[in-house]
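Let me begin by presenting the structure, written as C-alpha cells, before commenting on it.
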Amino acid sequence: MAPRFLGEFEQMVLLAILRLEEGAHAVAVLAELDARAGRAVSRGTLYKTLERMEAKGLVAWAAEDGPPERGGHPRRRFQVTGVGVRALRESRAAFDRLSEGLEGALGESGS
C-alpha cells in the first residue's frame, strides 16, 4: 500500500520524473531538481530515495542501453506508477486544503 502523504523531496522527485518523461534517468532527474527547484542533491541521495520509492510502489524503472558517451553501459529510466500519481495528487490536495484562505497570511493575492 502506498503512503497517503509524501515528503517534500519525494514529491519533487516524482514531479521531475513526470516532467522528463522518457528522459527520466538519474542524471537528468538531478539536473531537473537543481534547475527547477534549486535543490542540489548527490547521486547517492537520489538513488537511495528512488530505491525507497520503488519499494513503496511509487516508481518503477526499466534498463536500457546507455548512450555512446557512457560506453553503452546500461542505465535506468524511471517512471511514476499509477500509485505514485495518486499519492502525489493526494499530497498536493492536502496542502491546497491546508493553505486555502491563507493567501493574506502567506503574502499572496487571492486566486
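The structure displayed is predicted, hence computed values, not measured ones. Just so you know, these numbers use all the heavy atoms, side chains as well, and skip hydrogens, waters and symmetry mates.
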Examine Leu18 and Leu33 and state if one hydrophobic cluster contains both, with Ile, Leu, Val, Met, Phe, Trp and Tyr joined whenever side-chain heavy atoms are less than 4.5 Å apart.
->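 Yes; Leu33 is reachable from Leu18 via cluster members.
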Cluster overlap Phe95 with Phe9, hydrophobic side-chain contacts below 4.5 Å |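 No.
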Is the number of heavy atoms from other residues, nucleotides or ligands within 6.0 Å of CZ (Arg43) greater than 12?
->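 No, because the 6.0 Å sphere around CZ of Arg43 holds 12 heavy atoms or fewer from other groups.
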Pairwise salt bridge (charged side-chain N to carboxylate O under 4.0 Å, His left out) hits with a residue in residues 28-37, at least two apart =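 Listed once each, the pairs are Arg19-Glu32, Glu32-Arg36.
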Separation between [atom1] of [X] and [atom2] of [Y], rounded to the nearest 0.5 Å:
{"X": "Arg92", "Y": "Leu14", "atom1": "CZ", "atom2": "CG", "value": "10.5 Å"}
{"X": "Gln79", "Y": "Glu21", "atom1": "CD", "atom2": "CD", "value": "11.5 Å"}
{"X": "Met12", "Y": "Thr49", "atom1": "CE", "atom2": "OG1", "value": "12.0 Å"}

Using every non-hydrogen atom in the two residues, find where [X] and [Y] come nearest and quote the distance to one decimal.
{"X": "Ala28", "Y": "Gly23", "value": "CB-O, 3.3 Å"}
{"X": "Ile17", "Y": "Phe78", "value": "CG2-O, 3.6 Å"}
{"X": "Val29", "Y": "Ala16", "value": "CG1-CB, 4.2 Å"}
{"X": "Ser99", "Y": "Leu106", "value": "CB-CD1, 4.2 Å"}
{"X": "Leu6", "Y": "Ser91", "value": "N-OG, 2.7 Å"}

Mind checking whether [X] and [Y] have side chains closer than 4.5 Å, heavy atoms only?
{"X": "Leu58", "Y": "Val13", "value": "no"}
{"X": "Val27", "Y": "Arg75", "value": "no"}
{"X": "Leu88", "Y": "Val80", "value": "no"}
{"X": "Glu8", "Y": "Arg39", "value": "yes"}
{"X": "Arg52", "Y": "Tyr47", "value": "no"}

Test log, rule side-chain hydrogen bond (donor to acceptor under 3.5 Å, both in side chains), inputs Glu54 and Trp61 | CA-CA 8 Å; Glu54 181 184 19; Trp61 60 271; 3.1 Å; yes
Backbone of [Y] reached by a side-chain donor or acceptor of [X] within 3.5 Å:
{"X": "Thr45", "Y": "Val41", "result": "no"}
{"X": "Thr81", "Y": "Ala60", "result": "no"}
{"X": "Glu90", "Y": "Ala87", "result": "no"}

N-O pairing of Arg76 and Glu64 below 4.0 Å =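 Salt bridge: no.
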